[in-house]
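Right, one structure below, let's go through it.
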Amino acid sequence: MDTPNPTPPPATHLPVMLSECLEYLAPTPGETMVDGTLGLGGHSLELLRKVGPEGRVIGLDRDPEALRRAGERIQAACREWSWNACPFLPIRTDFRHVGDALEQEGISTADGFLFDFGVSSMQLDLRERGFSFRVSGPLDMRMDPEEPTSAAHLINELPEAELARILWEYGEERHSRRIARRIAERRVQRPLETTQDLVDAIWGAYPEKERHGRIHPATRTFQALRIAVNDELNALEPALRAATDHLSPGGRVVVLSYHSLEDRIVKRTFEHLAGRCQCPPEIPFCTCDARETVRILTRKPVLPTDAETESNPRARSAKLRAVEKVP
């Protein structure tokens, strides 16, 4: 084994940029809020507190364990608040299907939508989910455990060139070819089955002088594989468009992204929804049918404070963007 198995991180759940999310969503009593990425329910819990028992929060997640844990947590909070009923509705689905999920529940519009595109604390902390390079577990990374393709499948089955492309495009890993080559060499001997197997391969591929920098050598590779396994980037634009289609006039959509590719998609989608043409400059007239349906509230992405990144390192790469539905 080339590198030791790191100490597991503490199991904590700190919702990222919570105060900023609440500021831009501006929830008020009686409103309907949708948390498109429920996770352990940190954001949803505070949204529910703001909209009160006369409002409601709908929480979406494709991970059944996240739905169970968040549901128990929020139900307990409602009992603590002495509410007669808990106006929280959990729905198991991919956030790209947020529009269909609402319509199936007979909900035509909502007053606010929140999307936090980061992996949840629970998924990172549970070694059996295989999301973290800091604990050894099965090489999985599926947000929905019932999906057929795991990280182990990609690592052991994809051609070396395709694996390198994923690491470069989704992880912006400059040593993508070296890492893909090392993985290909190792899997000839035996399949890579655990997160530690993958960490060892990455460690061996990395130049020795770069192994002890601020960012662990496995960070970008694990990020890239997670994005590929869960098809995350292709879900962003459909989710944002569905949210704005089901947004009440004056309602808001707030997005937290953690990767430059994610933020780029969010930015371009919001700009198109704000009526800004996205056609290439060489095209003489607009063909993208840009129409103003929202007003952009964040000219530049809002970043977490230094205090938050110190207390919650998982927030360090977060970027917040927000829009408001025009009447």
Side-chain angles (χ1 to χ4, degrees), residues 1-16 37-42 61-73 92 94 116-158 163 166-167 170-171 173 179 182-183 186-187 189-206 211-212 214-232 258-259 311-318:
M1 189 172 292
D2 298 327
T3 184
N5 185 21
T7 302
T12 58
H13 174 62
L14 298 173
V16 172
T37 47
L38 179 63
L40 284 180
D61 208 295
R62 51 180 160 174
D63 187 334
E65 182 65 12
L67 287 172
R68 183 187 69 80
R69 293 192 182 200
E72 291 176 353
R73 182 184 185 196
R92 183 180 176 185
D94 188 328
D116 181 348
F117 293 138
V119 63
S120 79
S121 301
M122 178 203 70
Q123 291 165 336
L124 285 170
D125 293 338
L126 292 177
R127 66 175 67 239
E128 62 266 27
R129 301 302 298 272
F131 281 94
S132 177
F133 54 81
R134 299 190 182 279
V135 292
S136 184
L139 201 50
D140 195 321
M141 302 192 193
R142 290 173 295 176
M143 292 182 175
D144 182 346
E146 296 182 4
E147 287 294 322
T149 302
S150 68
H153 175 83
L154 298 186
I155 286 293
N156 291 299
E157 302 295 333
L158 286 181
L163 191 55
I166 288 174
L167 302 188
Y170 295 166
E173 173 54 71
I179 294 171
R182 178 59 66 97
I183 290 171
R186 287 208 166 202
R187 70 190 186 190
Q189 303 169 17
R190 65 174 181 85
L192 282 72
E193 298 177 341
T194 70
T195 54
Q196 189 63 45
D197 290 340
L198 180 55
V199 169
D200 290 344
I202 297 167
W203 191 265
Y206 245 68
R211 290 177 180 173
H212 302 284
R214 185 177 62 88
I215 298 177
H216 191 284
T219 301
R220 295 184 179 91
T221 293
F222 271 66
Q223 172 184 272
L225 289 172
R226 190 203 80 220
I227 289 173
V229 166
N230 297 288
D231 192 30
E232 295 176 32
Y258 300 82
H259 186 287
S311 63
N312 184 14
R314 290 173 181 167
R316 64 175 177 263
S317 58

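Residues take their numbers from the sequence shown, with the count starting at 1.
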### Message
So that I can tick it off, tell me whether Arg69 and Glu72 are bridged by a salt bridge, with the cut-off set at under 4.0 angstrom between side-chain N and carboxylate O.
### Response
no
### Query
Between Thr194 and Leu139, is any pair of side-chain heavy atoms under 4.5 Å apart?
no
### Approximate separation, where rounding is to 0.5 Å, of Glu65 CD and Leu126 CG
7.0 Å
### Summary
Minimal heavy-atom distance between Ser136 and Arg127, with the atoms involved, is O-NH1, 3.0 Å
### Query
Out of Arg220, Gln223, Glu232, which one pairs with His259 under the side chain to side chain donor-acceptor pair (under 3.5 Å) rule?
Gln223
### Query
Donor-acceptor pair, Arg92 side chain versus Leu67 backbone, under 3.5 Å?
no
### Task
State the CD1-CD1 distance between Ile166 and Ile179, to the nearest 0.5 angstrom.
13.0 Å
### Message
Looking at Asp140 and Phe131, would you say the former's side chain and the latter's main chain have a donor-acceptor pair under 3.5 Å?
### Response
no
### Task
Heavy atoms only: give me the nearest Arg73-Gly41 pair and the separation to one decimal.
NH1-C, 3.8 Å
### Query
Are more than 12 heavy atoms from other residues, nucleotides or ligands located less than 6.0 Å from atom CZ of Arg211?
yes
#### Entry: Side-chain touch Phe133/Thr219, heavy atoms, less than 4.5 angstrom
yes
### Query
Would you say the side chain of Met143 lies within less than 4.5 Å of the side chain of Arg226, judging by non-hydrogen atoms?
yes
### Message
Could you measure the distance from the CG atom of Asp63 to the OG1 atom of Thr37? Nearest 0.5 Å is fine.
### Response
12.5 Å
### Query
Atom CG of Asp200 and atom CZ of Arg182: how far apart are they, to the nearest 0.5 Å?
10.0 Å
#### Entry: Over all atoms of both residues, closest heavy-atom pair of Ala318 and Tyr258
CB-CE2, 3.6 Å
#### Entry: Distance, nearest 0.5 Å, that separates CG of Leu192 from CG of Leu154
12.5 Å
### Message
Quick check: closest heavy atoms across Ala218 and Val199, and the distance to 0.1 Å?
### Response
CB-CG2, 4.3 Å
#### Entry: Sidechain-backbone polar pair: Asn312 side chain, Leu14 backbone, donor-acceptor under 3.5 Å
yes
### Query
Going by heavy atoms in the side chains, are Arg129 and Pro145 under 4.5 Å from each other?
yes
### Query
When rounded to the nearest 0.5 angstrom, what distance separates CD1 in Ile202 from CD1 in Ile183?
6.0 Å
### Heavy-atom closest contact (Ala224 atom, Gly171 atom, distance)
CB-N, 3.5 Å
### Closest heavy-atom pair and its distance - Asp94, Arg62
OD2-NH1, 3.4 Å
#### Entry: Mutual orientation of the aromatic rings belonging to His212 and Trp203 [parallel < 30°, tilted 30-60°, perpendicular > 60°]
perpendicular
### Task
Check each of Arg190, Arg186, Arg187 against Asp197 using the salt bridge (Lys or Arg N to Asp or Glu O under 4.0 Å) test, and report the only one that passes.
Arg190
